[in-house]
Number of protein chains: 2
Amino acid sequence: MEKEKQKRLEAKGYKIGSAANFLGLNREEEEYIELKLALGETLAKQRKQKNLTQIQLAKLLKSSQSRIAKMENGDPTVSLDLLVKSLLAIGATKESIAKAFH
Amino acid sequence: MEKEKQKRLEAKGYKIGSAANFLGLNREEEEYIELKLALGETLAKQRKQKNLTQIQLAKLLKSSQSRIAKMENGDPTVSLDLLVKSLLAIGATKESIAKAFH
DNA sequence: TGACAATATATCATATCTGACATAATTATC
DNA sequence: GATAATTATGTCAGATATGATATATTGTCA
């Protein structure tokens, strides 16, 4: 992983706790975070495709604008559950969600 | 969704709260649950491929036997995060995880 | 530039998830 | 079919995620 990305992640509040590789992420941790970032990007993309603001989407999902922003930006307090449920709720296909894993 | 599956899910403790379709699941709810079941099956499959008991896997993942069982059976208290993190930790490929979505 | 809309970040009380433990149910081996 | 091994289920205290709210930052357009 390049330094830029790591700084970005650390800035976002990710605490990297890896016994084997201090100051870095091990494979699982990295893949997990990449996954959340990819899902967040997918959510943002779909929202914009529908010409919705974060506030409007928040209403649809019965969530809040701040949480939408956090989802879209890979905030560490956001779960995969919330991301996947949100994507399913706005009609994203399972395929498009699966792509985040590829 | 056929009745058998619904009974299975309700028996497992899923509370179906759907305004549009009482006594049933709406599309998102159904897809979300199917997803967890698919990931749980993947986990069980991979564990057996490695000839591990749930206790052994629990030690590897720093979890507990009961939680492994719950993961493998789609218990409603198990999050996608835990499932995905566990799969990544035992070396499941992103591809094999993505398949659960297809 | 300033004003306004949109997005990002911080914090918190409540809700949900977690490992651990106890114990029940099932399955394998003799 | 008894015993042991494995898996499933119930419960709970502590940990983590959640929507809400406040506020900061960024973008846009006159």
Side-chain angles (χ1 to χ4, degrees), chain A residues 7-17 28-29 32-33 35-37 39-90, chain B residues 7-17 28-29 32-33 35-37 39-90:
Chain A
K7 259 184 222 156
R8 226 173 76 233
L9 296 178
E10 284 177 356
K12 280 183 192 301
Y14 280 98
K15 288 282 168 290
I16 282 76
E28 306 100 89
E29 288 171 332
Y32 172 73
I33 292 175
L35 181 53
K36 293 215 302 189
L37 292 173
L39 289 170
E41 280 173 28
T42 304
L43 183 67
K45 218 171 278 179
Q46 301 244 348
R47 172 176 66 79
K48 285 167 188 166
Q49 243 166 23
K50 291 174 162 33
N51 277 326
L52 297 173
T53 66
Q54 290 181 346
I55 291 180
Q56 292 172 320
L57 181 57
K59 244 170 219 162
L60 280 179
L61 300 181
K62 293 174 187 175
S63 180
S64 62
Q65 179 271 324
S66 63
R67 197 134 293 273
I68 305 291
K70 282 168 184 170
M71 281 197 254
E72 294 185 356
N73 286 286
D75 187 283
T77 72
V78 170
S79 71
L80 286 186
D81 292 71
L82 187 62
L83 280 162
V84 169
K85 279 183 180 173
S86 298
L87 283 165
L88 291 174
I90 66 172
Chain B
K7 260 185 222 154
R8 226 173 76 232
L9 296 178
E10 285 178 353
K12 281 184 191 300
Y14 280 98
K15 287 285 168 287
I16 282 76
E28 305 101 90
E29 290 172 330
Y32 172 73
I33 292 175
L35 180 54
K36 292 216 302 190
L37 292 173
L39 289 171
E41 280 173 28
T42 304
L43 183 67
K45 219 171 279 180
Q46 300 246 347
R47 172 176 67 79
K48 285 168 187 166
Q49 242 165 25
K50 291 175 164 30
N51 277 325
L52 297 173
T53 66
Q54 291 182 345
I55 291 181
Q56 292 172 319
L57 181 57
K59 245 171 218 162
L60 280 179
L61 301 182
K62 292 174 188 177
S63 179
S64 63
Q65 179 270 324
S66 62
R67 198 133 292 275
I68 304 291
K70 283 165 185 170
M71 283 197 254
E72 293 185 355
N73 286 287
D75 186 284
T77 72
V78 170
S79 70
L80 285 186
D81 292 71
L82 187 62
L83 280 161
V84 169
K85 279 183 180 174
S86 297
L87 282 164
L88 291 174
I90 66 171

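Naming convention: chains lettered A, B, ... in sequence-line order (proteins, then strands); numbering from 1 in each chain. Worth saying up front: this structure is predicted, and the values here are computed from it rather than measured.
Of the candidates D:dT18, C:dA20, D:dT6, the closest approach to any side-chain atom of B:T53 belongs to D:dT6. Comparing D:dT9, C:dT18, D:dT21 by their nearest atom to the side chain of B:S79 picks out C:dT18. Each of C:dT18, D:dT7, D:dA20 was ranked by its minimum atom distance to the side chain of B:I55; first place goes to D:dT7. For A:S66, the listed nucleotide lying nearest its side chain is D:dA20; candidates were D:dG19, D:dA20, C:dA8. Nearest nucleotide to the A:Q54 side chain, out of C:dA8, C:dA6, D:dT9: C:dA8.
Here the side chains of B:I68 and B:M71 are in contact, with some heavy-atom distance below 4.5 Å. In this structure the side chain of B:E72 reaches within 4.5 angstrom of the side chain of B:Q54, judged on heavy atoms. Within the 4.5 Å cutoff, the side chain of A:I90 has heavy atoms near those of the A:L43 side chain.
For B:D81 and C:dG19, the CG to P distance is 12 Å, given to the nearest whole Å. As rounded to whole Å, 15 Å separates atom C1' of C:dT9 from atom CE of A:M71. In this structure, the CG atom of A:D75 is 13 Å from the C1' atom of D:dT16, given to the nearest Å. Rounded to whole angstrom, the span from the CG atom of B:L61 across to the P atom of C:dG19 amounts to 9 Å. For the pair A:R67 CZ and D:dA17 P, the computed distance is 9 Å after rounding to whole Å. Rounded to an integer number of Å, the gap from CG of A:N51 to P of C:dA5 is 18 Å. Between the CG atom of A:N73 and the C1' atom of C:dT9 there is a distance of 10 Å, rounded to whole Å. What separates CD of B:E72 from P of C:dT26 is a distance of 17 Å, to the nearest Å.
Nucleic acid contact for A:L82: sugar-phosphate only, since backbone atoms but no base atoms lie under 4.0 Å from a heavy atom of the residue.
Between B:L83 and B:Q65, the residue anchored nearer the 5' end of DNA chain C, judged by the nucleotide with its closest heavy atom, is B:L83. Place B:K85 and B:L52 on DNA chain D by their nearest nucleotides, and B:L52 ends up nearer the 5' end.
Under a 3.5 Å cut-off, the side chain of A:D75 and the backbone N or O of A:T77 do form a donor-acceptor pair. The backbone N or O of A:S79 lies less than 3.5 Å from no partner atom in the side chain of B:D81, so there is not a single donor-acceptor pair.
No N or O donor and acceptor, one from the side chain of B:K70 and one from the base of C:dG19, sit under 3.5 Å apart.
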